[in-house]
**Q** 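Here it is, the structure in full.
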Protein chains: 2
Amino acid sequence: MKIITTGMLKKERHAFIIRQINLHNKVLSSDLGLQLQVSEDTVRRDLNELSESGKIIKVHGGALSKSFHFPYEQKDVYAQDSKKEVARKAIGLVSEGMTVLTGGGTTMLEMARLVPDDLEATFFTISPVVALELSEKKMLTVILIGGTLNKNAQVNMGSKTIADLSEIGVDLCFLGTNGIDLKEGITDSEWEVLQVKKAMIGASARIAIMCIGEKLNSVKKMKVCSLNTIDYLITDLASNDPKLQSYEAHTKVI
Amino acid sequence: MKIITTGMLKKERHAFIIRQINLHNKVLSSDLGLQLQVSEDTVRRDLNELSESGKIIKVHGGALSKSFHFPYEQKDVYAQDSKKEVARKAIGLVSEGMTVLTGGGTTMLEMARLVPDDLEATFFTISPVVALELSEKKMLTVILIGGTLNKNAQVNMGSKTIADLSEIGVDLCFLGTNGIDLKEGITDSEWEVLQVKKAMIGASARIAIMCIGEKLNSVKKMKVCSLNTIDYLITDLASNDPKLQSYEAHTKVI
DNA sequence: CAGGAAATTGCAAATTTCTGCGGTTTTTTT
DNA sequence: AAAAAAACCGCAGAAATTTGCAATTTCCTG
């Protein structure tokens with residue numbers, strides 16, 4: 001990635017660094033030196049200041065996100081990258097002026113982070129976390145669908161959420177899922193989640209399912225909708241991946 | 001870009017600077033000196049004034065937009081200790097089984113943190129931040145009132161929020177305020193905020209106002225309600241503080 | 001409209017902050 | 001253990017800011 005910046009104020013550099021860290025979970029002093037067009041000493045001084053005020057964690061070679069958890073196992077990191085890739089592809093579907101509805105979860109959060117700063121659009125969401133992240137983007141209108149906050153999923157659920165969803169209409173809805181299968185379509189294991197997802201589907205003209213490749217061909221207890229209801233299937237896999245071939249008959253694979 | 005200006009009054013220069021900042025998110029002292037045809041010393045004095053009145057953020061080399069902020073940065077909390085004391089007193093009003101409604105802001109967030117882990121109660125809130133904090137408490141039911149997320153206040157506002165508030169009824173409502181005065185009662189400076197606060201008051205059997213002592217006897221542009229509407233006034237001051245005496249005729253001072 | 005107080009502005013000197021560089025130390029890699 | 005990479009340290013020049021002060025302008029008031 002090449003980012004050219006000139007004549008930044010120190011505070012701006014700090015903000016830039018924080019953004020880079022939020023985006024990639026880490027930064028290298030050498031990269032920042034090039035991107036910010038300053039010496040690595042200056043970068044290190046910046047990192048020191050940010051570190052002393054507790055915004056980042058400085059390590060040899062650069063810095064890490066404060067919320068960065070050291071990889072417990074390789075798979076976690078791998079999934080993280082996969083989700084970022086899914087998010088990156090997903091945000092490509094959103095264009096100027098659209099009205100979008102999103103659920104919660106880490107993939108949605110990643111997507112919220114990747115919304116371009118100059119995009120003017122309206123985002124409905126049932127996730128307070130996603131809403132707060134989206135509120136960083138100046139040009140967005142963010143509407144939080146209320147309801148009973150589910151402590152595990154950290155999204156709003158329940159009859160109020162369902163009722164409110166039934167009153168809106170959006171262009172595109174992003175949904176995550178744990179169960180997706182050729183025959184059973186989209187499935188879920190929790191009844192409450194199921195109800196909300198159905199309501200979200202009902203509120204949207206087009207539906208995009210986001211899931212990492214390893215979730216393909218797994219079936220949960222209850223059916224959300226069939227594959228034909230889905231307009232886009234967004235995964236981290238390459239579009240020519242054989243695992244995706246059989247899905248292409250039912251939906252647009254991205 | 002070349003902008004030629006001559007013979008501007010200070011007020012005009014200030015307006016010009018604010019415009020430039022709104023446009024570009026930052027200004028350089030040196031640029032402004034040229035654009036305004038005044039010495040950089042004058043520019044710096046202007047920036048100092050604008051900074052002191054909280055319109056901009058002055059940094060070495062120029063100034064940044066007030067809305068310039070780091071993603072995730074916890075803004076320096078002003079008078080944090082006082083607010084914690086207010087929060088500590090406030091949470092004492094909540095008892096088992098109650099239904100409570102709260103607004104947003106740092107004081108409310110402090111209160112959310114202080115909710116006992118074993119308290120079983122229902123909290124309605126218009127603040128996603130407070131909601132997420134409350135969701136840490138296992139025994140609470142947390143209901144987030146939806147609406148359009150206000151980027152500055154980080155609370156939900158707008159007609160949807162008002163409508164939803166009109167449909168609920170709670171035992172106790174916690175409200176923060178910037179303006180409280182014996183004669184004018186509770187006042188606020190933003191119309192949208194005013195509407196929401198009125199709706200919150202309408203939804204609750206009892207009203208508790210939370211504010212730090214220094215806010216006492218200040219008046220803003222628009223009236224929320226009179227002091228008699230208020231059931232509790234919670235401040236960080238000792239209950240025998242002379243500043244509080246005159247309020248005791250209208251409301252219970254804590 | 002004259003006169004004077006108060007506010008404003010530019011200038012220069014003193015001070016502080018910022019930044020890159022060379023030399024040295026520490027950490028990591030080979 | 002040696003080599004390489006990254007950090008650290010201190011310094012000096014550049015840039016920005018502060019401060020005091022004098023000159024000027026603005027704003028009242030009679």
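In what follows, every chain begins at residue 1, and chains take the letters A, B, ... in the order their sequences are listed. The basis for the numbers below is simple: all heavy atoms, side chains too, and nothing from hydrogens, waters or symmetry mates.
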**Q** Taking side chain to side chain contact (heavy atoms under 4.5 Å, CB included) as the definition, give me every residue that meets it alongside B:Asn228, ordered by chain and number, with sequence neighbours left out.
**A**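 Testing B:Asn228 for side chain to side chain contact (heavy atoms under 4.5 Å, CB included), a comparison that skips the adjacent residues, returns B:Ser226, B:His250.
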**Q** Under a 3.5 Å threshold, yes or no: a donor from one side chain and an acceptor from the other, between B:Thr106 and B:Lys83?
**A**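 Per modelled atom types, B:Thr106 and B:Lys83 side chains form a pair under 3.5 Å.
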**Q** Using whole Å, report how far CG of B:Asp46 lies from P of C:dG10.
**A**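 Distance check: B:Asp46 CG to C:dG10 P gives 10 Å.
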**Q** Could you tell me if B:Tyr247 and B:Asp181 have a donor-acceptor pair between their side chains, going purely by distance under 3.5 Å?
**A**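 No, because no side-chain N or O of B:Asp181 sits under 3.5 Å from a partner of the opposite role on B:Tyr247.
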**Q** Could you tell me how far apart A:Glu52 (CD) and D:dC8 (P) are, to the nearest whole angstrom?
**A**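 These atoms are roughly 10 Å apart.
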**Q** Taking atom types as modelled, find out whether A:Lys215 and A:Asn178 have a side-chain donor-acceptor pair closer than 3.5 angstrom.
**A**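 Yes, side-chain donor-acceptor contact under 3.5 Å.
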**Q** Between P on D:dA7 and CG on A:Leu32, what's the gap in Å once rounded to a whole number?
**A**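 So the CG-P distance, A:Leu32 to D:dA7, works out to 11 Å.
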**Q** How close or far is atom C1' of D:dA6 from atom CG of A:Leu47, stated in whole angstroms?
**A**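 My rounded result for the distance is 12 Å.
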**Q** Give the rounded distance in Å between these two atoms: CD of A:Gln37 and P of C:dG20.
**A**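 Taking CD of A:Gln37 and P of C:dG20, I get 10 Å after rounding.
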**Q** Please identify each residue that fulfils side chain to side chain contact (heavy atoms under 4.5 Å, CB included) with B:Asn150, with sequence neighbours left out.
**A**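 Per chain and number, B:Asn150 pairs via side chain to side chain contact (heavy atoms under 4.5 Å, CB included) with B:Asn152, B:Ala153, B:Met157.
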**Q** SG/A:Cys211 to CG/A:Leu233 distance, rounded to the nearest 0.5 angstrom?
**A**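 With rounding to 0.5 Å, SG (A:Cys211) is 5.5 Å from CG (A:Leu233).
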**Q** DNA chain C: A:Lys10 or B:Thr42, which has the more 5' nearest nucleotide?
**A**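 Looking at the nearest nucleotide for each, B:Thr42 comes out on the 5' side.
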**Q** What does nucleotides 12-24 of chain D look like as a protein-contact string, B for base, S for sugar-phosphate only, - for none, at under 4.0 angstrom between heavy atoms?
**A** ----SBBB-----
